[in-house]
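Structure first, commentary second.
Each chain gets a letter, A, B and so on, in the order its sequence line appears, and its residues count up from 1.
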Amino acid sequence: MVDRVHISDEERALAEALREAPRGALALAGAAVGLLLLAWFLIFFFVFLPRGTVT
Amino acid sequence: MAARTEQDVVRIETRWALAMCGVVLVILAAILYASLRIHVNPPSNVELIDPKTLHLSDEFTEANLGTRVGPDGAIVARIVATQFEFVPRCVVLPAGRRVTLRFASPDVIHGILVSGTNVNTMVVPGYVSQVHTEFQKTGDLLMPCHEYCGLGHSQMLATVRVVPADRFKPDADGRVSCEQR
């Protein structure tokens, strides 16, 4: 017979926080990558392409 | 998105990885579009030349350097990149017309870029670097050496003088130089 593991309040709070963590990480990483992608396209369209064709 | 189990975490991370692959593919597509549809490519000419006898070659003798309009109307500027100057130091090219720049080096690796344009290539001894472009804006454009070539590298500069097409007047030999007025 296996005893139930006693989960403390602290551990319960930590588990709850970890459940929500991906949302925060996604927001941060998503914002960072989104800004970088935006910067890349701004430079591509407003600096690189206007500088003309080169072959 | 909340993760209730470890499987949720794996699923979220997998979706993130797929999203990042998508970002990379979008950037790649933009580069391919620029290359294939608008003809903006890295110059990739592969042409060999003996760097030790550049001054004796037909093309890169000193008298043949600079801008010349060929019998077929092709506008070609030939420049030698050496330690620590470009020869000639100034070339004239017309705006709005397709031009070709050809570079050779007798000594070490140099690199050139023309400021404000996408003209950018290495100049490697033993090879002729060739770039085709069409300048849109007139003016004196700076062309520095951008590959460290020695102690005088920072002073290695040339000028590309882009003039309106109606002011681009070759002489009887088809040559145009900065000294002409």
Side-chain angles (χ1 to χ4, degrees), chain A, chain B residues 1-6 8-17 19-31 33-45 95-101 112-121 129-137 141 162:
Chain A
M1 185 152 113
V2 176
D3 287 338
R4 273 199 180 173
V5 175
H6 173 67
I7 302 175
S8 69
D9 286 343
E10 280 178 1
E11 286 169 348
R12 197 172 289 119
L14 179 63
E16 184 63 34
L18 285 175
R19 268 198 289 276
E20 298 298 317
R23 207 184 316 198
L26 277 171
L28 182 64
V33 172
L35 283 172
L36 283 169
L37 195 60
L38 176 66
W40 194 93
F41 274 107
L42 285 174
I43 292 175
F44 183 75
F45 282 111
F46 293 107
V47 178
F48 178 66
L49 289 184
R51 287 189 172 191
T53 62
V54 168
T55 53
Chain B
M1 177 184 316
R4 272 172 285 280
T5 65
E6 195 169 318
D8 287 340
V9 172
V10 169
R11 196 181 71 243
I12 291 168
E13 289 179 353
T14 305
R15 285 184 188 170
W16 176 256
M20 289 306 102
C21 288
V23 165
V24 171
L25 286 173
V26 164
I27 289 177
L28 196 61
I31 294 170
Y33 173 79
S35 172
L36 297 171
R37 293 299 303 271
I38 316 177
H39 308 294
V40 186
N41 315 312
S44 59
N45 189 50
R97 291 176 60 184
R98 182 179 162 95
V99 299
T100 300
L101 295 101
I112 62 101
L113 65 88
V114 179
S115 59
T117 74
N118 284 330
V119 175
N120 188 328
T121 184
S129 299
Q130 178 171 278
V131 181
H132 306 288
T133 189
E134 191 175 308
F135 293 106
Q136 302 302 326
K137 293 186 194 161
L141 305 178
V162 182

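- Listed options B:V23, B:T117, B:V131 were ranked by heavy-atom pairs under 4.5 angstrom with chain A; first place goes to B:T117.
- Residues passing the salt bridge (charged side-chain N to carboxylate O under 4.0 Å, His left out) test with B:E13: none are found, sequence neighbours excluded.
- Annotation: maximal heavy-atom pairing with chain A below 4.5 Å, among B:N45, B:T121, B:T100, B:I27, occurs at B:I27.
- The closest side-chain heavy-atom distance from B:L101 to B:T133 is below 4.5 Å.
- Interface residue A:F41: only side-chain heavy atoms are found under 4.5 Å from chain B.
- B:I38 places a side-chain heavy atom less than 4.5 Å from the side chain of A:L49.
- Ranked by heavy-atom pairs shorter than 4.5 Å toward chain A, the options B:N118, B:N41, B:V26 are led by B:N118.
- Within the 4.5 angstrom heavy-atom criterion, atoms from both the backbone and the side chain of A:A29 approach chain B.
- Shown here are the side-chain hydrogen bond (donor to acceptor under 3.5 Å, both in side chains) partners of B:Q136, two or more places apart in sequence or in another chain: there are none.
- The shortest distance between side-chain heavy atoms of A:E10 and A:L14 does not fall below 4.5 Å.
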